[in-house]
Amino acid sequence: MVTAVSTYETFLLDVDNQIAHVRLNRPDKANSLNQTAWDELEAIFTELDSRSDVRAVVLSGEGKHFCAGIALEMLMGMTQQFDTEDEGRKREIIRRKAVALQRSINAIENCSKPVLAAIHGACVGGGIDITSACDMRYCTEDAFFSIEEINVGIVADLGTLQRLPKLIGEGIVRELAFTGRRMLAEEALQRQFVNEVFEDHEAMLDGVFSLARMIASRAPLAVRGTKHILNFSRDRSVEDGLAYVATWNAATILSNDVAEAIGAKLAGREPKFED
């Protein structure tokens, strides 16, 4: 059953059987992100974080490409359109705009539900920022990846340089960031940036939704807790991570989900969890 959802201008969003499908929907612009798209990206993942009927999220793109990054006209506007002549205030405005865009990417990582990126065609610039913030990445054989910012004379500032070294080797990240070269699907799999490469878009979505359904069938509180603990532990010591997860489980292990999971296993049936 498909659940009615909010209407967005630059994205398509539907929820079916506890899985949200978010689709970038500017195919005539290779799904480049204008200001509306950045605003809606944050709004969508904030909404999905709070929705009790959503247990997993699939993120994909309409048209020939996943995402061509920030729209160039928006990028030009960020450095040329000011309502002040004061140089210090101009730079403050630029910083505020960058921080606002960072919030849109952070909303993906901060969404308590696992986010699975299904990537085809181009995934460049802001597309790398977006997919680096997802929990898992899958792509088609025609996909390619590029830290495109260096090719337009700027430093990537929305999360790629912070998140990508946690996912693949730092030397490769530096090579990609310094050159802006394309990393093709086979290399992305070899570097462990993507979990799996599929022959085409249809096969990829079938595979990704199969995984999303598996995640949605698991205890929701435990899934959300696992994502939170993984993100927390990634940036801290093992000792800090262990101390924190002990406290987390002390707070959540008495949930009805645990009793239902164990009871279902003993009875040889599929568990049924509350939203």
Side-chain angles (χ1 to χ4, degrees), residues 1-3 5-6 13-23 41-60 105-119 130-139 159 163 166-167 192-196 204-236 238 240-275:
M1 177 180 178
V2 178
T3 306
V5 294
S6 303
L13 170 61
D14 58 73
V15 177
D16 187 12
N17 291 323
Q18 301 164 326
I19 300 170
H21 190 188
V22 180
R23 289 172 284 169
L41 183 66
E42 181 179 8
I44 286 170
F45 279 93
T46 299
E47 174 187 336
L48 294 178
D49 174 63
S50 65
R51 288 187 57 158
S52 63
D53 61 332
V54 173
R55 298 187 183 181
V57 182
V58 174
L59 175 61
S60 68
I105 304 296
N106 293 345
I108 301 172
E109 185 172 86
N110 293 335
C111 178
S112 57
K113 324 302 171 55
V115 181
L116 295 75
I119 306 155
I130 288 171
T131 54
S132 295
C134 294
D135 294 280
M136 294 91 82
R137 288 151 294 279
Y138 306 86
C139 75
R163 293 186 175 98
K166 307 283 188 180
L167 301 171
Q192 298 185 336
F193 182 61
V194 299
N195 291 30
E196 188 172 351
M204 174 179 64
L205 288 180
D206 286 345
V208 171
F209 270 94
S210 178
L211 286 163
R213 286 191 292 271
M214 189 181 300
I215 292 169
S217 72
R218 302 311 193 242
L221 192 61
V223 171
R224 295 196 299 271
T226 298
K227 175 168 181 174
H228 182 75
I229 293 299
L230 283 168
N231 287 346
F232 178 92
S233 300
R234 177 193 61 194
D235 302 321
R236 293 169 176 83
V238 172
D240 288 345
L242 287 171
Y244 187 65
V245 73
T247 303
W248 182 277
N249 267 350
T252 62
I253 204 167
L254 299 182
S255 78
N256 293 337
D257 286 2
V258 176
E260 172 62 13
I262 295 174
K265 200 171 192 64
L266 292 173
R269 60 174 175 82
E270 290 297 316
K272 294 181 179 181
F273 300 108
E274 303 172 30
D275 283 340

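By convention here, the first residue in the shown sequence is residue 1.
Heavy atoms only, all atoms of each residue included: L116 and A212 are closest at CD2-N, 4.1 Å. Heavy-atom minimum distance, P220 versus F273: CD-CB, 3.4 Å. Closest non-hydrogen pair, S52 versus D275, comes out as O-CB, 3.1 Å. What you find for H21 and L205 is that their closest heavy atoms are NE2-CD2, 4.5 Å. Annotation for P271 and E260: closest pair CA-OE2, 3.4 Å, computed over non-hydrogen atoms.
A side-chain donor-acceptor contact under 3.5 Å links R137 to the backbone of T131. Here the side chain of E109 pairs no donor or acceptor atom with the backbone of A133 at under 3.5 angstrom. Of the possible polar contacts, none joining the S210 side chain to the D206 backbone as a donor-acceptor pair under 3.5 Å is found.
Of the options N110, N106, V57, I105, a side-chain contact (heavy atoms from CB on, under 4.5 Å) to F45 is made by V57 and by none of the others. If you run side-chain contact (heavy atoms from CB on, under 4.5 Å) between K227 and each of V223, L230, N231, I229, only N231 comes through.
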Give the intermediate values and the outcome of side chain to side chain donor-acceptor pair (under 3.5 Å) for residues S112 and H228. CA-CA 7 Å; S112 57; H228 182 75; over 6 Å; no
I'd like to know whether I215 forms a side chain to side chain contact (heavy atoms under 4.5 Å, CB included) with R55, so could you lay out the CA-CA distance, the side-chain angles of the two residues, the decisive distance to 0.1 Å, and finally the verdict. CA-CA 7 Å; I215 292 169; R55 298 187 183 181; 6.0 Å; no
List the steps, then state whether side chain to side chain contact (heavy atoms under 4.5 Å, CB included) holds for V22 with V115. CA-CA 10 Å; V22 180; V115 181; over 6 Å; no
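Remark: K113 does not engage D135 in a salt bridge, criterion side-chain N to carboxylate O under 4.0 Å.
Within the model, atoms CG of D53 and CG of N17 stand 11.0 Å from one another, a figure rounded to the nearest 0.5 Å.
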